[in-house]
Amino acid sequence: MCSDEVRPEPREKTMTQRTTDAREEPATYDVAATEQKWQPVWEKLDPFRADDSSPREKRYALTMFPYPSGDLHMGHAEVTALHDVIARYWWQKGYEVLNPMGWDSFGLPAENAAIRNDAHPADYTYGNIATQLESFQKYAVSFDWSRRFNTSDPSYYRWTQWLFLKLREQGLAYRKNSPVNWCPHDQTVLANEQVVDGACERCGAEVTKRELTQWYFRTTAYAQELLDCLDDLQPTWPAKVINAQRNWIGRSEGAHVDFVVEGRPEPLTVYTTRPDTLFGATFMVVAADAALAGELVTDEHRGALDDYLVEVRKETEINRLSTDRPKTGVFLGVHAVNPLTGARIPVYAADYVLADYGTGAIMAVPAQDQRDWDFATAFDLPIVRTVQPPADWEGLDTMAFTGDGPAINSANDEIDLSGMGVVEAKSTTIAYLEAKSLGRGTVNFRLRDWLLSRQRYWGAPIPIIHCPVDGEVPVPEDQLPVELPELRGADLKPKGTSPLGAATDWLNVACPTCGGPATRDTDTMDTFVDSSWYFFRYVSPHDDSQAFDPEKARAWGPIDLYVGGDEHAVLHLLYARFFTKALRDIGLVDWDEPFTSYLSQGKVINNGRKMSKSLGNGINLGDQLAEFGVDAVRLTLVFASPPEDNIDWADVSPGGSLRFLQRAWRLSGDVTSEPGADPATGDTGLRKLTHKTVHEAEVLIEKHRFNVMVARTMELVNATRKAIDSGSGGADPAVREAAETVAILLSLVAPYTAEEMWERLGHRPTVARVGWPVVDPALLVEESVTAVVQVQGKVRARLEVAPDITEGDLEALAMDDPTVVAAIDGREVRKVVVRAPKLVNIVV
RNA sequence: GCCCCGGUAGACCAACGGCAGAGUCGAUGCUCUCAAACAGCAUUCAGUGUGGGUUCGAAUCCCACCCGGGGCACCA
């Protein structure tokens with residue numbers, strides 16, 4: 001660290017007890033000793049074990065399970081601290097809470113680390129899991145550890161494989177040959193969701209395309225439902241996640257239009273969102289890398305297409321996505337006929353049209369589409385305006401007009417769109433095309449099927465056997481799991497084909513159908529498959545007869561609250577939603593959606609920047625915990641801001657958090673009444689605040705305003721301190737009630753401090769399960785409130801009035817007030833707005 | 001370019017359309033101390049990004065713009 005001099009003093013000074021004066025209570029408690037003291041006690045009490053047969057109402061709280069790369073970091077600390085507020089609150093409120101944790105332990109980092117260190121991915125993985133488990137336990141999150149599992153355990157991935165086969169039976173998993181995203185660094189294919197701005201989501205390498213036969217999940221089968229259900233999730237999911245998913249699914253409405261191609265029996269069908277502009281279609285473009293291009297091209301032009309394809313395949317995704325790149329393409333030597341104008345229009349192949357969207361072909365309308373305009377300009381093709389731009393529009397000779405306006409040049413003997421706006425012209429055209437069987441209105445989605453095979457080692461093998469006679473044969477269920485071959489000492493370096501192919505003993509098997517020689521599928525599944533169903537497994541994690549127990553799934557689920565980062569806004573959350581719907585249709589569950597509500601937490605950053613090795617601004621969680629203790633770090637993370645905001649570690653003060661915790665703890669030493677003392681005999685003012693605080697804390701926790709809940713707890717601590725020092729004193733039972741309430745409130749955020757307080761208050765552990773304080777409604781009622789009297793919106797007087805004062809009484813009182821009378825100054829009162837009991841506004 | 005979210009004291013953040021300030025950090029001063037740390041007490045500082053509108057009344061609702069964050073994007 002570079003700033004040693006300005007850092008807080010070492011631990012002994014800030015954290016140990018002060019024992020200078022034997023008569024005085026110690027001013028602070030020893031954080032490290034407290035942590036060591038309570039961990040074994042809690043382990044023995046096991047207070048967070050979820051009981052399937054409990055009669056209490058059930059709640060399922062889930063936080064994203066970690067990938068085991070090294071020890072826990074600030075991000076884990078934040079998400080679990082926030083999540084634990086809710087989970088512990090639910091326990092206190094009397095629910096039976098399922099709050100499980102495990103590890104998402106398949107994946108590339110383990111494999112890459114193994115390659116670097118000449119070790120085995122399993123060693124790296126299980127070593128890190130042990131480290132993280134220990135850290136989690138010290139961090140005192142209310143997880144039910146009896147339910148933990150790892151996705152890389154054969155007892156888990158057996159069921160990942162089984163579910164794959166179930167989806168395949170339903171036609172939801174299939175293999176096809178297609179141009180796919182290829183990461184040249186990791187030497188594997190990637191799903192669409194894993195390509196970010198043309199680069200590999202994991203390693204950042206520029207993605208290229210390859211033509212490969214791969215396994216897919218048919219996510220598009222649920223495109224509409226995935227979109228529709230977002231409406232139901234809207235109130236309980238963050239807007240940004242809903243928005244991201246909507247954009248990703250990308251529904252659009254338009255039409256399929258059939259074009260007759262000269263010398264070809266079947267039509268060339270295009271998808272367009274602007275059927276109203278069909279009169280302006282002056283040429284057509286098919287995706288250069290689509291099979292269609294090869295089918296359409298004449299022999300004369302085939303050479304040119306092949307040359308062009310070589311160029312196209314060389315382009316990286318990043319270049320291809322650049323919109324200011326000049327348009328390129330080749331003429332295919334064929335013509336089609338515009339069904340409305342009868343014009344003969346040329347057909348081109350170009351790389352600005354995508355093979356896997358719509359039909360892989362478009363009608364080009366240069367006057368109303370900028371991309372088509374650019375192509376038409378480059379290839380000197382005709383441009384016909386069919387929407388009239390406004391008179392003062394300056395793009396008339398230079399660009400496409402995509403706005404609304406009256407249709408022009410849009411009439412033939414049978415249909416006349418002239419003067420219609422875009423919306424009307426669209427529906428009129430679609431109706432005409434449908435009547436003439438030339439096309440039909442249709443809906444299209446941007447969402448693609450999920451490419452799930454990976455050419456890497458550390459994942460669940462795809463349970464398929466390829467037989468020269470029987471083709472794709474599923475591995476029989478009783479032979480699951482298909483275990484990963486050990487391949488210890490083998491070369492796992494990415495070679496573009498799966499390392500599993502090298503395990504010949506494993507590879508070669510008898511075909512389950514015909515018994516002849518066959519080979520296993522050598523690809524492994526994307527690790528997002530593992531995490532798409534893990535929340536089901538937690539309901540019956542040790543069941544070796546089924547993936548999960550449907551009865552228990554019904555009893556616990558769906559998940560009441562899911563907490564995680566928004567880097568998974570589309571990836572994991574969309575896949576998990578897809579899996580849930582697929583499993584529902586298979587009949588395994590009755591949930592439509594897995595996550596009833598979702599809390600997306602911000603990131604922990606430092607000095608305005610993301611923490612990173614290269615910037616050297618990383619904050620090490622272990623160091624923070626050693627310096628300030630678990631509770632202070634947790635409190636800091638919860639208190640810093642609303643959960644969804646980023647936390648800049650440079651803006652917060654774990655030292656301040658520790659000081660607050662010590663202040664709170666000190667209350668427990670100053671309480672001199674006995675446990676069970678009747679608070680009703682105590683100071684009413686403090687009691688009112690205590691009950692109000694509990695009441696507000698409930699509302700705030702349910703609204704996920706944890707930072708404000710902590711602020712309210714701080715207020716209660718301050719008021720209790722004041723009561724002890726200069727109020728009713730430490731013997732007042734109301735002070736005990738307040739201190740005990742503080743301990744319970746803190747049990748959600750600072751479990752060690754809360755437990756220590758609870759013990760000093762004369763109770764036995766654990767404070768985490770004593771139950772939420774019962775609010776006495778009588779104590780929430782104020783005897784008097786301050787009413788504000790405004791004249792012309794300016795505050796002129798304050799009146800102490802009864803909370804149930806009538807509007808008439810309040811108005812009379814206000815009009816009698818001398819300062820108000822002075823402010824009115826004899827002017828005519830035009831209007832009096834009364835909002836009893838809080839406000840009167842007099843307008844003159 | 002299209003779509004979401006946000007902008008309040010020096011910093012982090014609060015405020016059912018009704019007194020802009022709950023809490024924390026920082027700074028400053030004081031008390032305690034031989035001195036310091038710890039602790040305690042007190043003080044400090046914004047009129048809510050900008051401009052309009054609705055309203056008796058706007059940080060809050062509406063419109064436009066600016067700035068920041070995020071999603072989508074050669075998706076026809």
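Chain letters run A, B, ... following the sequence lines, proteins first and then strands; every chain starts at 1.
The side chain of A/N707 approaches B/rA14 more closely than any other nucleotide in the set B/rA22, B/rA76, B/rA14. For A/N243, taking side-chain heavy atoms from C-beta onward, the closest of the listed nucleotides B/rA76, B/rG70, B/rC13 is B/rG70. When the nucleotides B/rG23, B/rG71, B/rG18 are ranked by their closest atom to the side chain of A/V833, B/rG18 comes out on top. Among the nucleotides B/rA76, B/rG23, B/rA39, the one closest to the side chain of A/R666 is B/rA39. When each of B/rG23, B/rC56, B/rC72 is scored by its nearest atom to the side-chain atoms of A/E715, the top-ranked nucleotide is B/rG23.
Pairing of B/rU33, defined by two Watson-Crick or G-U wobble distances under 3.5 Å, is not identified with any nucleotide. Nucleotide B/rC25 is matched to B/rG10 when pairs are restricted to Watson-Crick or G-U wobble geometry with both distances under 3.5 angstrom. Summarising the base pairing, B/rA59 is matched to no nucleotide, lacking a Watson-Crick or G-U wobble pair whose two defining distances lie under 3.5 Å.
Only the C1' atoms considered, B/rU54 is 15 Å distant from B/rA64, to the nearest whole Å. Look at the P atom in both B/rC4 and B/rC65: the space between them is 13 Å, to the nearest Å. For the C1' atom pair drawn from B/rC34 and B/rA20, the interatomic distance equals 47 Å after rounding to whole Å. Between B/rA14 and B/rC56, the distance separating the two C1' atoms is 27 Å to the nearest Å. Comparing the C1' positions of B/rC45 and B/rU50 gives a spacing of 23 Å, expressed to the nearest Å. For B/rU28 and B/rC38, the P atoms lie 14 Å apart once the distance is rounded to whole Å. Taking atom P in both B/rU60 and B/rA9, the straight-line distance is 15 Å, to the nearest Å. Taking the P atom of each, B/rC5 and B/rC63 are spaced 11 Å apart, rounded to whole Å.
Taking atom CG of residue A/L573 and atom P of nucleotide B/rG70, one finds them 18 Å apart after rounding to whole Å. Nucleotide B/rC12 holds its C1' atom 13 Å from the CG atom of A/L637, rounded to whole Å. Per the geometry, CD belonging to A/Q245 stands 11 Å off C1' belonging to B/rG71, to the nearest Å. The distance from atom CG of A/D648 to atom P of B/rG26 is 16 Å, rounded to the nearest whole Å. Rounded to a whole Å, the CG atom of A/L447 is 15 Å from the C1' atom of B/rG71. Remark: C1' of B/rG70 and CG of A/N646 are 11 Å apart, rounded to the nearest angstrom. Atom pair A/M714:CE and B/rG23:P shows a separation of 10 Å (rounding to whole Å applied). Between the P atom of B/rU24 and the CE atom of A/M709 lies a distance of 15 Å, rounded to the nearest Å.
Across all strands shown, A/S252 has heavy atoms under 4.0 Å from sugar-phosphate atoms exclusively, and none from any base. In this structure, A/V285 reaches neither bases nor backbone, as no heavy-atom distance under 4.0 Å exists between it and the strands shown. Counting any heavy atom pair closer than 4.0 Å across all strands shown, A/D645 reaches sugar-phosphate atoms only and no base atom. Within 4.0 Å of A/R796, counting heavy atoms only, lies no atom of the nucleic acid at all. Among the protein residues, A/P642 comes within range of the sugar-phosphate backbone only, with heavy atoms under 4.0 Å from sugar or phosphate atoms but none that close to a base. Within 4.0 Å (heavy atoms only), A/A711 reaches at least one base atom of the nucleic acid. Among the heavy atoms of the strands lying under 4.0 Å from A/N718 are primed sugar atoms or P, OP1, OP2 only; no base atom is included. Residue-level contact check: A/N841 touches the bases, meaning some heavy atom is under 4.0 Å from a base atom.
Along RNA chain B, the nucleotide nearest to A/D351 and the one nearest to A/R721 differ in position, and the one closer to the 5' end is contacted by A/R721. A residue-by-residue look at A/A239 and A/I362 shows that A/A239 has its nearest nucleotide of RNA chain B further toward the 5' end.
Under a 3.5 Å cut-off, the side chain of A/N646 and the backbone N or O of A/K603 do form a donor-acceptor pair. Under the 3.5 Å distance criterion, the side-chain polar atoms of A/K610 are left unmatched by any main-chain donor or acceptor of A/V604.
The side chain of A/R663 contributes an N or O atom lying less than 4.0 Å from OP1 or OP2 of B/rG40. Regarding contacts with the backbone of B/rC25, a side-chain N or O of A/R659 is found under 4.0 angstrom from either OP1 or OP2. Between B/rC56 and A/K831, a contact under 4.0 Å exists linking OP1 or OP2 to a side-chain N or O. Remark: A/Y352 is not in phosphate contact with B/rA76, judged by side-chain N or O atoms under 4.0 Å from OP1 or OP2.
A side-chain N or O of A/R251 and one of A/Q224 form a donor-acceptor pair less than 3.5 Å apart. Checking A/T236 against A/S597 by side-chain atom types alone, no donor-acceptor pair falls below 3.5 Å. A side-chain donor from one of A/T269 and A/D258 sits under 3.5 Å from a side-chain acceptor of the other. With no hydrogens or angles considered, no side-chain donor-acceptor pair links A/Q368 and A/W373 at under 3.5 Å.
Contact record, A/D289 with A/L309: CA-CD2, 3.8 Å, taken as the closest heavy-atom pair.
Side-chain atoms of A/D725 and base atoms of B/rG40 include no donor and acceptor less than 3.5 Å apart. Taking 3.5 Å as the limit, the base of B/rC72 and the side chain of A/N247 contain no donor-acceptor pair of atoms between them.
In B/rG47 the base sits syn relative to the sugar, since the glycosidic angle is no further than 90° from 0.
Outside the 6.0 Å centre-distance limit, the rings of A/F379 and A/F283 are not counted as a close aromatic pair. Taking the six-membered ring for Trp, A/F375 and A/Y348 have ring centres closer than 6.0 Å.
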